[in-house]
A.B. asks: 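One structure follows; several queries about it will come next.
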Amino acid sequence: MDNIIDIVKEQRIFFNSGKTLDVKFRIEQLNKLKKAVKSNEGAILSALKKDLGKPSFEAYSTEIMQILNEINYTCKHLKKWTGPKKVKTPLELLPGKSIIRRHPFGVVLNIAPWNYPFQICLAPLVSILAAGNCAVIKPSELAPHSSRSIAKLINNIFPPEYCRVIEGGVEEARELLSQKWDFIAFTGSTGVGRIVAQSAANNLTPVLLELGGKSPCIVHKDANIKIAARRIAWGKFLNAGQTCIAVDYIVAEKSIVKELINEIILSLKSFYSDNIKESPDLCRIINRKHFERLNSFLVNNDKIIFGGSTDSNSLFIEPTLIYKTEWPDEIMEEEIFGPLLPVIEYEDIGSVIEILKAKERPLALYLFTKNKPLQNRVVESLNFGGGCINATIMHNASTFLPFGGVGNSGIGRYNGKSGFDTFSYQKSIFYKPGSIDPKLPYPPYKQKINLLRKIS
Ligand code: NAD
């Protein structure tokens, strides 16, 4: 294993050398990363297949393509983002000039989960490096093939004093967290997020916490049910439901709930055929522990209306619909993070909104309706990180939409410019001419207060 203390020390020396302040240097490094991602495409796809059974199309669209888009967009705008920004100067401070500069924090730690192992290691990294920081990344030990390929890719192109991947599990993560960092980015569960925030507090280190939660999907009676069903089925069962912003559960209006369930079943059959287990397009559960956790919801569950079959050898769990789920059911307690989809029915949207207000704030929320006032009511009255109207999960794929949670689902944002903003801070500088020196601020004050009264 790398010596963590030495790496952090060397990165701090490298950062203090000022080399990363040069925007040209940063763009060169991002282009190096882009080239390496492209030339390692085969190895990345193969690692994702081994870890999660990810079909190449899914792996490319949700992991590789997002990184390449992020690099392209960032390189195009980086000069503008980093440039000094002149702002107004208040009358009482004149003569003078006010400038805001964007400055990197320094040495940044990024700890990642296993579900999109490649994308979640590298997407924040693009912003971290673009902002002019050095970085240490710890991928998840639960996706070992991906972790290995990320380590190979990054450690081959960058020197350790600039950017280093350190592989390992909880022990390594703890050792990393015991160091002094200038910024910590963490993506993972809310429980571990709390541990990360606590250790960051020791050094008052700022954090980006991208956590999980139970993301609801409301389907109102006036929605196009066929389209809603297809979009829900796609966003839910992609990566076998192991997506932080996957629909965790459906809340559907009573008069359309049966039609919705039927349409979701038809969509599943059209995606994965009648023999879902043999489909090459459905991912597997990451490991036995998560398989057992999910399987425990299926045993003796008389609410399963579709699916429910499993195969522990291949870690297969069939996309499963659970109806009539009730709010107090056990499956409604924790984030599901798998291909199980509870369906709750409602009669009064007002009471659904009140129930959701009382729950922890989710990472995402989805609403299917043509009713504009209802769209506004839900978006304005509920707290959630982000979401979609008449779609699922797509908000995360846009470089132009800041991504992140609120409350229990996280702190901070990244994607495009918001990532650059997160990993840099505003350094405000007031420039005063050295030769002229108005006497207003200095004693004796005498009647000067009257002048302040006039201009305030
Ligand atoms: P996790 O919290 O178990 O692990 C995440 C990382 O933390 C791993 O690298 C792991 O090695 C490390 N870790 C685990 N225990 C630790 C400890 N005690 N101390 C220090 N580090 C520790 O999460 P996971 O199971 O890998 O991922 C699933 C969770 O991540 C879900 O809740 C999901 O919603 C969330 N997630 C969120 C986003 C987002 O963008 N908001 C994206 C993907 C996943």
Side-chain angles (χ1 to χ4, degrees), residues 4 51-52 62-63 66 70 109-124 127 136-144 146-147 150-151 165-179 181 184-200 202 207-215 235-236 238-248 285-291 293-294 333-338 360-365 384-387 393 395-397 401-415 418-419 422:
I4 290 171
D51 286 331
L52 286 142
T62 63
E63 307 239 19
Q66 253 181 289
E70 190 74 10
L109 171 65
N110 179 27
I111 298 182
W114 50 262
N115 61 331
Y116 290 84
F118 187 72
Q119 195 245 105
I120 299 175
C121 277
L122 266 62
S127 300
V136 169
I137 305 173
K138 196 204 81 64
S140 170
E141 72 282 16
L142 301 189
S146 303
S147 172
I150 295 161
V165 174
I166 293 180
E167 290 189 89
V170 177
E171 193 192 324
E172 287 76 9
R174 283 201 182 122
E175 197 180 338
L176 285 163
L177 287 171
S178 70
Q179 306 303 307
W181 301 93
I184 300 175
F186 171 80
T187 305
S189 58
T190 301
V192 179
R194 250 185 220 112
I195 296 174
V196 171
Q198 277 160 1
S199 60
N202 290 332
V207 288
L208 168 70
L209 299 177
E210 295 284 347
L211 311 176
K214 283 183 92 60
S215 300
K236 171 69 183 183
L238 182 92
N239 209 27
Q242 301 163 112
T243 303
C244 56
I245 47 168
V247 170
D248 190 90
I285 305 306
I286 185 71
N287 61 21
R288 192 153 302 272
K289 190 173 153 217
H290 280 280
F291 176 89
R293 178 182 64 79
L294 292 162
E333 284 170 16
E334 301 283 332
E335 178 183 15
I336 296 170
F337 220 56
E360 291 296 355
R361 297 166 173 188
L363 184 57
L365 182 141
F384 53 97
I393 75 169
H395 62 297
N396 174 239
L401 287 175
F403 178 76
V406 60
N408 251 28
S409 57
I411 296 172
R413 294 288 180 273
Y414 75 109
N415 261 11
S418 71
T422 291

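Please read all numbers here as calculations on a predicted model, not as lab measurements. All ligand and atom numbering here is 1-based and tracks the order in the structure.
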A.B. asks: Report yes or no: does Ala112 have a heavy atom closer than 4.0 Å to ligand 1?
C.D. replies: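 A heavy atom of Ala112 does come that close to ligand 1.
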A.B. asks: Name all residues meeting the salt bridge (Lys or Arg N to Asp or Glu O under 4.0 Å) criterion together with Glu141; count only those two or more places apart in sequence or in a different chain, and write none if there are none.
C.D. replies: Lys138
A.B. asks: Is atom 4 (O) of ligand 1 less than 4.0 angstrom from at least one protein heavy atom?
C.D. replies: no
A.B. asks: Any non-hydrogen atom of Tyr116 lying under 4.0 Å from ligand 1?
C.D. replies: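 Distance cut 4.0 Å: Tyr116 fails for ligand 1.
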A.B. asks: Considering only protein heavy atoms, which is closest to atom 11 (O) of ligand 1, and at what distance to one decimal place?
C.D. replies: Glu141 OE1, 2.7 Å
A.B. asks: Quick one: list whatever passes salt bridge (Lys or Arg N to Asp or Glu O under 4.0 Å) with Asp248, sequence neighbours left out.
C.D. replies: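 Per chain and number, Asp248 pairs via salt bridge (Lys or Arg N to Asp or Glu O under 4.0 Å) with Lys214.
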A.B. asks: Test your reading of the model: is there a side-chain donor-acceptor pair from Asp51 to the backbone of Ser146, 3.5 Å cut-off?
C.D. replies: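 Pair found, side chain donor or acceptor close to backbone of Ser146.
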A.B. asks: Please write down residue, atom name and distance for the protein heavy atom closest to atom 26 (O) of ligand 1.
C.D. replies: Trp114 CD1, 3.0 Å
A.B. asks: Which residue holds the protein heavy atom closest to atom 39 (C) of ligand 1, what is that atom called, and what is the gap in Å?
C.D. replies: Cys244 SG, 3.4 Å
A.B. asks: Does any non-hydrogen side-chain atom of Asn408 lie less than 4.5 Å from one of Leu211?
C.D. replies: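 No; the side chains remain at least 4.5 Å from each other.
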A.B. asks: Given Leu208, Val170, Asn110, Ile137, identify the one with the heavy atom nearest to atom 14 (C) of ligand 1.
C.D. replies: Val170
A.B. asks: Among Leu176, Ile120, Ile111, which one puts a heavy atom closest to atom 12 (C) of ligand 1?
C.D. replies: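 Looking at heavy atoms only, the winner is Ile111.
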A.B. asks: Using only atom types and a distance under 3.5 Å, with no angle test, would you say the side chain of Asn415 pairs donor to acceptor with the backbone of Leu401?
C.D. replies: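 Judged by distance alone, yes, a pair lies under 3.5 Å.
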A.B. asks: Please work out whether any backbone atom (N, CA, C, O) or any side-chain heavy atom from C-beta onward of Ile195 is under 4.0 Å from ligand 1, and answer side chain, backbone, both or neither.
C.D. replies: side chain
A.B. asks: Mind checking whether Asn115 contacts ligand 1 via backbone (N, CA, C, O), side chain (CB onward), both or neither, at a 4.0 Å heavy-atom cut-off?
C.D. replies: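 The side chain, only.
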A.B. asks: Applying a strict 4.0 Å limit to heavy atoms, is Ser140 in contact with ligand 1?
C.D. replies: yes
A.B. asks: Can you find a heavy atom in the side chain of Asn396 that is under 4.5 Å from one in the side chain of Gln66?
C.D. replies: yes
A.B. asks: In terms of residue, atom name and distance, what is the protein heavy atom nearest to atom 2 (O) of ligand 1?
C.D. replies: Ser189 OG, 2.6 Å
A.B. asks: For atom 34 (O) of ligand 1, what's the nearest protein heavy atom and its distance?
C.D. replies: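 Going atom by atom, the protein heavy atom closest to atom 34 (O) of ligand 1 ends up being Glu335 OE2, 2.5 Å.
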A.B. asks: What is the nearest protein non-hydrogen atom to atom 22 (C) of ligand 1, stated with its residue, atom name and distance?
C.D. replies: Val192 CG1, 3.5 Å
A.B. asks: List the closest protein heavy-atom neighbour of atom 28 (C) of ligand 1: residue, atom name, distance to the nearest 0.1 Å.
C.D. replies: Phe337 CE2, 3.6 Å
A.B. asks: Which of parallel (below 30°), tilted (30 to 60°) and perpendicular (above 60°) describes His395 and Phe403?
C.D. replies: tilted
A.B. asks: Name the closest protein heavy atom to atom 20 (C) of ligand 1, giving the residue it belongs to and the distance to 0.1 Å.
C.D. replies: Ala173 CB, 3.6 Å
A.B. asks: N/O of Lys138 under 3.5 Å from N/O of ligand 1, yes or no?
C.D. replies: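 It does: an N or O of Lys138 is found under 3.5 Å from an N or O of ligand 1.
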A.B. asks: With heavy-atom distances below 4.5 Å as the criterion, would you say the side chains of Pro139 and Val165 are in contact?
C.D. replies: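 In contact.
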